[in-house]
Amino acid sequence: MRILVAGGAGFIPSHLGERLLAVGHEVVAIDNFVTGDRRNLASFAQHPRFRFIEADISRELPVEGRFDRVYHMASPASPIDYVQLPFETLYAGSDGTRRLLERAEADGARFLVASTSEVYGDPQVHPQVESYWGNVNPIGPRSVYDEAKRYGEALTMAFHRYRRVPTRIARIFNTYGPRMRLNDGRVMPAFCSQALRGEPLTVFGDGSQTRSFCYVSDLVEGLFRLMESDLDEPCNVGNPHEMTMLQLAQYINRYTGNSAGIVHRPLPTDDPTQRRPDIGRARERLGWEPKVSFEDGVRETVAYFAARIRDDRA
Ligand code: UDP
């Protein structure tokens with residue numbers, strides 16, 4: 001198949017593109033590098049079935065030829081990005097989603113949008129099941145992301161209902177692994193880079209808030225299965241292995257042998273207090289569940305960040 005991956009130089013989509021090439025597809029990746037990184041493409045940039053286009057999907061889609069599949073993975077995705085790139089975040093989820101849906105319709109392609117656990121906001125239902133509508137602040141600092149993704153889901157369902165476009169909605173929960181940006185502000189790169197530099201880990205608030213982390217190869221497998229399934233309702237993709245941020249900090253310090261301990265910093269506005277996916281739908285409809293243990297995932301991730309820190313120093 002010929003497959004478009006929007007946001008293709010990002011953390012998760014670069015792994016997705018590589019995976020699609022490995023199973024024999026032709027992949028066109030498009031990215032404007034606002035948060036993506038050319039180095040994420042290095043291991044497959046020269047592949048004969050791969051093509052890269054530098055462009056902003058919220059403004060244009062300068063790609064010829066028909067696609068069979070369109071993955072919309074383009075958006076800033078870290079809380080510190082939303083503050084620095086509020087309009088880019090809103091437009092990627094709104095104009096970008098519209099442009100890619102229109103292209104999927106014109107091409108007769110199947111469309112998958114990367115939505116998010118953030119559509120549940122600070123959830124009052126735990127674990128989060130797809131039927132939960134969420135508790136989102138529509139005007140808070142995270143709203144540029146949360147509401148853009150919610151609008152993206154609404155637009156996707158409208159194209160599905162009224163224009164018969166085959167669509168898929170993946171609600172992606174916290175994901176980690178190689179190719180995350182060292183300085184993207186998210187908790188995994190923050191804790192790993194602090195630990196590797198022998199600095200104290202910055203735990204926001206009292207650290208009792210929870211997250212559930214999925215290793216990137218598992219996540220990509222879930223996205224791929226969802227795209228190839230017949231499931232047109234939203235589907236959570238994530239790992240239910242839940243922990244507090246204090247437990248995560250202690251684990252990373254222990255694993256890396258960092259003796260600098262932790263320091264507490266103020267909790268960001270609207271930081272969700274708990275998050276864990278209910279993956280019953282993915283299990284049943286996609287035959288999917290995460291396989292990589294937290295210990296193995298952390299080992300790979302810390303090794304990657306250690307190499308990046310060495311490269312940066314060189
Ligand atoms: N966090 C933290 N220290 C950091 C960065 C993040 O304690 O240096 C916390 C943050 O407050 C949140 C959790 O870790 O409760 C996950 O944050 P992240 O930005 O990775 O993603 P989120 O799930 O909030 O989108």
Side-chain angles (χ1 to χ4, degrees), residues 10-12 35 73 75-86 89 92-93 114-123 126-128 134-137 140-150 170-216 219 236-253 256 258 260-277 294 297-298 301-302 305:
F11 157 50
I12 296 174
T35 56
M73 310 292 298
S75 177
S78 166
I80 62 166
D81 293 336
Y82 315 151
V83 182
Q84 279 154 17
L85 302 164
T89 305
S115 185
T116 170
S117 55
E118 288 278 330
V119 301
Y120 303 121
D122 188 6
H126 193 74
Q128 291 78 58
N135 175 36
V136 173
N137 176 354
R142 298 171 89 102
S143 66
V144 295
Y145 184 68
D146 300 6
E147 295 294 4
K149 291 291 186 184
R150 288 170 68 100
R171 291 187 179 153
I172 299 175
F173 283 65
N174 295 67
T175 306
Y176 71 106
R179 299 185 191 157
M180 292 188 97
R181 272 151 54 220
L182 253 184
N183 59 350
D184 85 350
R186 281 184 282 192
V187 70
M188 266 305 178
F191 283 2
C192 292
S193 60
Q194 288 159 353
L196 289 165
R197 293 180 171 124
E199 298 164 4
L201 309 199
T202 52
V203 172
F204 296 166
D206 64 5
S208 63
Q209 70 274 29
T210 68
R211 295 293 186 274
S212 309
F213 296 95
C214 186
Y215 190 66
V216 65
L219 199 283
N236 290 339
V237 190
N239 190 322
H241 181 75
E242 183 181 7
M243 67 189 80
T244 69
M245 294 309 95
L246 202 54
Q247 286 170 330
L248 175 65
Q250 285 160 349
Y251 184 88
I252 299 288
N253 272 341
T256 57
N258 181 32
I262 61 169
V263 287
H264 290 274
R265 295 278 178 265
L267 192 67
T269 308
D270 296 337
D271 197 281
T273 50
Q274 54 180 358
R275 184 181 290 155
R276 172 155 62 104
F294 185 69
V298 167
T301 307
V302 168
F305 285 132

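Every number for a ligand or one of its atoms is a count from 1 in the order of the listing. Since the model is a prediction, treat every value here as computed from it, not as a measurement.
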Is there a side-chain contact between P141 and D270, using heavy atoms and a 4.5 Å cut-off?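 Of all side-chain heavy-atom pairs linking D270 with P141, at least one is under 4.5 Å.
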
Are F294 and M243 packed together at the side-chain level, in the sense that at least one heavy-atom pair is separated by less than 4.5 angstrom?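 Sidechains of M243 and F294: in contact.
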
At under 4.0 Å between heavy atoms, is it the side chain or the backbone of [X] that contacts ligand 1, or both, or neither?
| X | value |
| --- | --- |
| M245 | side chain |
| R211 | side chain |
| R142 | side chain |
| D271 | side chain |
| R275 | side chain |

Is the shortest distance from a Lys or Arg side-chain nitrogen in D81 or R186 to a carboxylate oxygen in the other one below 4.0 Å?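 Not counted as a salt bridge, because no side-chain N and carboxylate O are separated by less than 4.0 Å.
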
Give a yes or no on whether a salt bridge exists between E118 and R142, defined as a side-chain N under 4.0 angstrom from a carboxylate O.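 Result for this pair is yes, salt bridge flagged.
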
Just by distance, do the side chain of Q209 and the backbone of F204 share a donor-acceptor pair under 3.5 Å?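 Indeed, once roles are kept as given, a pair shorter than 3.5 Å links the two residues.
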
Flag, side chain of S208 to backbone of T244, donor-acceptor distance under 3.5 Å: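 Such a contact is absent between S208 side chain and T244 backbone.
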
Residues D122, T273; criterion side-chain hydrogen bond (donor to acceptor under 3.5 Å, both in side chains); working and verdict: CA-CA 6 Å; D122 188 6; T273 50; 3.0 Å; yes

Pull out every atom of ligand 1 sitting under 4.0 Å from any heavy atom of [X], numbered as shown with elements.
| X | value |
| --- | --- |
| E118 | 25 (O) |
| T202 | 2 (C), 3 (N), 4 (C), 7 (O), 8 (O) |
| A190 | 8 (O) |
| V203 | 7 (O) |
| N174 | 21 (O), 22 (P), 23 (O) |
| Q209 | 9 (C), 11 (O), 15 (O) |

Heavy-atom nearest neighbour in the protein, as seen from atom 18 (P) of ligand 1, with distance rounded to 0.1 Å: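 Of the protein heavy atoms, V187 N, 3.8 Å lies nearest.
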
Under 3.5 Å, N or O to N or O, is F204 touching ligand 1 that way?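 Yes: some nitrogen or oxygen of F204 is under 3.5 Å from one in ligand 1.
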
In terms of the angle between their ring planes, are F213 and Y176 parallel, tilted or perpendicular, with boundaries placed at 30° and 60°?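 Perpendicular, since the angle between the ring planes exceeds 60°.
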
Does even one non-hydrogen atom of M188 get within less than 4.0 Å of ligand 1?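 Heavy atoms of M188 never come under 4.0 Å of ligand 1.
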
Below 4.0 Å from ligand 1: does a non-hydrogen atom of G185 turn up there or not?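 So G185 counts as touching ligand 1.
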
The single option from Q128, R276, R211 passing side chain to side chain contact (heavy atoms under 4.5 Å, CB included) against F173: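 It is Q128; the other options fail the test.
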
Option among Q274, H126, R275, Q247 that satisfies the side-chain hydrogen bond (donor to acceptor under 3.5 Å, both in side chains) test with E242: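 Filter result, single survivor: H126.
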
